[in-house]
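Written below as structure tokens is the structure these notes are about.
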Amino acid sequence: MPTGSSPRLGWQLLAAVMAGGFTTLTASPFELWWLGPLAAALVYWGSHALSPAHAALKGMVYGLALFASGASWVYVSIHDYGYTGPLLAGFLTALFVFALALFFAAMLWAYRRFTSPRYTLLGFAGIWVLAEVLRTYLFTGFPWLLLGSGFVDSPLAAWAPIGGVYLLSLLVAFSGALLITLLIKRRLWAIAPLAAIWLTPFVLPTQWTTPSEQPTQVAMVQGNLPQLIKWTADGQREAVATYTRQTQAISDDVELIIWPETALPMLENQALPVLEQIQSGLPTGTALVTGILQQDEQNQRFFNGMIGVGNVEGDYQKEHLVPFGEYLPLESLLRGLISFFDLPTSFITPGPDQQPPMQAAGISLGNAICYEIIYPQLVAKRARNSQAIITISNDTWFGRSIGPHQHLQMARLRALENGRYVLRATSNGITVIIDPQGQITRRAPQFETTTLTGEFHAMQGLTPFTQMGSWPVWLLAGLLVLASLRLRETGKGINRP
């Protein structure tokens with residue numbers, strides 16, 4: 001298609017802004033999933049008729065609109081809880097948004113530069129997923145606001161146990177491209193693949209795993225303690241008093257009690273006497289699991305961990321850490337430069353790979369602390385050897401932003417992908433029990449000191465996604481891109497740029 005037939009660049013950039021906003025609206029708390037294909041369609045529309053540089057600009061604008069709207073909570077974390085003034089917090093947030101937008105700039109540049117005009121459908125969907133994979137892992141990764149994350153309540157949800165969030169992203173991007181092919185290019189054949197994508201889920205299995213006959217009774221304590229005083233002496237005393245009081249009020253029939261990430265703001269050796277004293281007042285056989293800071297005194301290393309007392313075996317140390325929040329990149333250059341680079345827990349060491357699941361109340365629990373729940377491959381690895389997934393978090397860092405809602409939505413998708421209950425205990429919300437279909441069965445009110453009680457079942461069996469992970473979809477995306485590549489040599493029957 002000649003460049004001159006493209007809609008004007010201004011319209012292309014406006015479409016990119018709209019697409020970025022639409023993608024944010026597919027995520028919680030808005031959950032307008034049906035805007036996802038429209039967002040992908042607006043990005044696809046006219047992009048292959050742009051020059052590579054203009055395509056990159058369109059991708060950049062899409063990324064800026066997406067993350068400026070969808071990751072606005074970063075400002076809250078930096079300013080409200082990172083001891084940073086509004087101007088510097090705004091600058092750091094803008095820098096963060098700009099860096100993430102580069103992934104989409106590179107995506108559309110490569111799409112325009114290397115794919116053949118004959119196979120733009122294939123190349124667009126495939127390269128979108130490969131860009132998401134890069135964003136998941138490059139520079140420690142940030143798989144937040146993946147295109148497929150907003151589809152846990154959509155008709156496409158049944159695809160999640162088969163291929164996970166990346167398959168959902170592939171299908172949504174492909175659907176958007178097909179919509180343009182059908183409505184703008186008037187190619188009626190596009191109806192068939194669209195129908196296959198959206199109607200096949202109605203004949204897919206709804207249950208891949210099997211629940212145990214007897215449910216397990218669980219209680220999750222939500223302390224709702226102020227983040228700004230958490231690591232002070234007053235904060236420690238308040239945490240001990242709050243979690244002790246709430247736990248002592250729990251019914252005797254509860255078998256598993258869960259406290260959130262770093263519920264007690266102290267080291268494990270300081271917290272254990274408190275935990276053991278509380279546990280001694282609980283019925284025999286009750287398990288109490290909590291997040292805690294652990295210290296390896298011999299090597300002077302600290303871990304963001306999960307431990308238990310009572311009917312608990314094993315512990316867990318967080319493997320995938322949050323940059324700046326739990327460790328400081330380029331520490332020799334940045335430490336002490338501004339207050340944000342000296343947060344109370346920015347000295348954590350990652351835990352080892354291949355940690356076994358914890359055993360609590362006779363249930364094998366796959367562990368994920370806070371940020372780890374957004375990594376589908378990591379959670380699938382934990383789910384293979386567990387009967388339920390436990391995720392603890394300190395979402396106080398998000399304030400009253402949309403961040404906790406997006407975090408919860410991704411936890412729901414992990415439950416659906418792996419056919420496991422997800423027990424999500426947070427410091428101030430959103431504390432929930434999620435069933436294997438990704439639906440919330442019990443939910444605590446946000447920003448309240450409370451205890452959520454309910455039940456869950458240990459699950460047996462594995463979904464296709466849990467067995468194979470994301471590799472089949474990554475491979476499929478790569479093959480789609482390879483099939484769409486433009487051949488550069490001249491010759492009869494070969495596409496030219």
For [X], which residues count as a side-chain contact (heavy atoms from CB on, under 4.5 Å) partner, sequence neighbours excluded?
X      : answer
Ser72  : Ile402
Leu378 : Glu319, His320, Glu372, Tyr375, Lys381, Arg382
Gln446 : Pro404, His405, Ile430
Val61  : Leu13, Ala16, Val17, Leu57

Under a plain distance cut-off of 3.5 Å, with no hydrogens placed, do [Y] and [X] share a side-chain donor-acceptor pair?
X      : Y      : answer
Ser69  : Thr24  : yes
Asn367 : Gln355 : no
Thr426 : Ser393 : no
Gln227 : Asn428 : no
Asn418 : Thr466 : yes

>> Go through it in stages, so that I can follow the logic: the residues are Val43 and Leu108, the test is side chain to side chain contact (heavy atoms under 4.5 Å, CB included), and I'd like the CA-CA distance, side-chain angles, deciding distance and then a yes or no.
In response: CA-CA 9 Å; Val43 176; Leu108 282 192; 4.0 Å; yes
Quick one, [X] and [Y] - any side-chain contact, counting heavy atoms below 4.5 Å?
X      : Y      : answer
Leu170 : Leu480 : yes
Thr120 : Ser484 : no
Pro117 : His48  : yes
Met459 : Tyr421 : yes
Val379 : Pro376 : no
Leu64  : Val97  : yes
Leu182 : Ile191 : yes
Glu261 : Asn304 : yes

How far apart are the closest heavy atoms of [X] and [Y], and which atoms are they?
X      : Y      : answer
Ala131 : Phe103 : O-CD2, 4.3 Å
Gln437 : Thr206 : NE2-O, 3.4 Å
Gly20  : Ala65  : CA-CB, 3.9 Å
Ser386 : Leu365 : CB-C, 3.8 Å
Met468 : Arg384 : C-NH2, 4.3 Å
Ile348 : Leu321 : O-CD1, 3.4 Å

> So Thr262 and Lys230, side chain to side chain donor-acceptor pair (under 3.5 Å) or not? Walk me through it.
Replying inline: CA-CA 10 Å; Thr262 58; Lys230 179 172 181 174; 2.9 Å; yes
>> With a 4.0 Å cut-off on N to O distance, would you call Asp80 and Arg400 a salt bridge?
In response: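 No.
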> Between Phe67 and Phe104, what is the ring plane arrangement, given parallel below 30°, perpendicular above 60°, and tilted in between?
Replying inline: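 Rings of Phe67 and Phe104: tilted, 30 to 60°.
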>> Does anything in residues 470-482 form a side-chain hydrogen bond (donor to acceptor under 3.5 Å, both in side chains)? List the pairs, not counting sequence neighbours.
In response: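 As it turns out, the side-chain hydrogen bond (donor to acceptor under 3.5 Å, both in side chains) pairs with a partner in residues 470-482, which skip direct neighbours, are Gln377-Ser470.
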Partner set under ring-ring contact (aromatic ring centres under 6.0 Å, His included) for [X], not counting sequence neighbours:
X      : answer
His54  : none
Tyr44  : Phe124
Trp208 : none

Rounded distance (nearest 0.5 Å) linking atom [atom1] of [X] with atom [atom2] of [Y]:
X      : Y      : atom1 : atom2 : result
Arg424 : Arg443 : CZ    : CZ    : 9.5 Å
Leu42  : Leu14  : CG    : CG    : 9.0 Å
Lys318 : Phe303 : NZ    : CZ    : 14.0 Å
Leu100 : Leu145 : CG    : CG    : 9.0 Å
Thr140 : Tyr371 : OG1   : OH    : 5.5 Å
Leu188 : Thr181 : CG    : OG1   : 11.5 Å

> With sequence neighbours left out, what residues match Arg187 under salt bridge (charged side-chain N to carboxylate O under 4.0 Å, His left out)?
Replying inline: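 Partners of Arg187 by the salt bridge (charged side-chain N to carboxylate O under 4.0 Å, His left out) criterion come out as none, since no residue qualifies.
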>> Going by salt bridge (charged side-chain N to carboxylate O under 4.0 Å, His left out), name the residues that satisfy it together with Arg414, two or more places apart in sequence or in a different chain.
In response: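 Residues passing salt bridge (charged side-chain N to carboxylate O under 4.0 Å, His left out) with Arg414: Glu417.
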> Under the side chain to side chain contact (heavy atoms under 4.5 Å, CB included) criterion, do Ile433 and Ile440 qualify, and how do the steps go?
Replying inline: CA-CA 6 Å; Ile433 300 173; Ile440 296 172; over 6 Å; no
>> Test side chain to side chain contact (heavy atoms under 4.5 Å, CB included) on Phe174 and Leu178; report intermediate values, then the result.
In response: CA-CA 6 Å; Phe174 196 39; Leu178 286 168; 3.9 Å; yes
Would you be so kind as to tabulate the donor-acceptor pairs closer than 3.5 Å made by side chains of residues 160-169, with sequence neighbours excluded?
{"residue": "Tyr166", "atom": "OH", "partner": "Thr136", "partner atom": "OG1", "Å": "2.7"}
{"residue": "Ser169", "atom": "OG", "partner": "Glu132", "partner atom": "OE1", "Å": "2.7"}
{"residue": "Ser169", "atom": "OG", "partner": "Glu132", "partner atom": "OE2", "Å": "3.4"}
{"residue": "Ser169", "atom": "OG", "partner": "Gly148", "partner atom": "N", "Å": "2.8"}
{"residue": "Ser169", "atom": "OG", "partner": "Val165", "partner atom": "O", "Å": "3.3"}

Contacts table for residues 31-41: side-chain donor-acceptor under 3.5 angstrom, sequence neighbours left out:
{"residue": "Glu31", "atom": "OE2", "partner": "Ser28", "partner atom": "OG", "Å": "2.7"}

> Is Arg412 reaching over with its side chain to a backbone N or O of Val152, donor-acceptor style, under 3.5 angstrom?
Replying inline: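 Checked: no pair found.
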> Stepwise, does the side chain to side chain contact (heavy atoms under 4.5 Å, CB included) test hold for Leu408 with Ile434?
Replying inline: CA-CA 10 Å; Leu408 169 60; Ile434 308 169; 4.0 Å; yes
> Ring centres of Trp128 and Tyr62 under 6.0 Å apart?
Replying inline: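 That pair passes the under 6.0 Å test.
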> CZ of Phe91: more than 12 outside heavy atoms within 6.0 angstrom?
Replying inline: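 12 or below, so no.
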> For Phe98, does the CZ atom have more than 12 heavy-atom neighbours from other residues, nucleotides or ligands under 6.0 Å away?
Replying inline: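 Not buried by this count: 12 neighbours or fewer within 6.0 Å.
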>> Walk me through whether Trp144 and Trp73 qualify under ring-ring contact (aromatic ring centres under 6.0 Å, His included).
In response: CA-CA 12 Å; Trp144 204 280; Trp73 49 265; 4.8 Å; yes
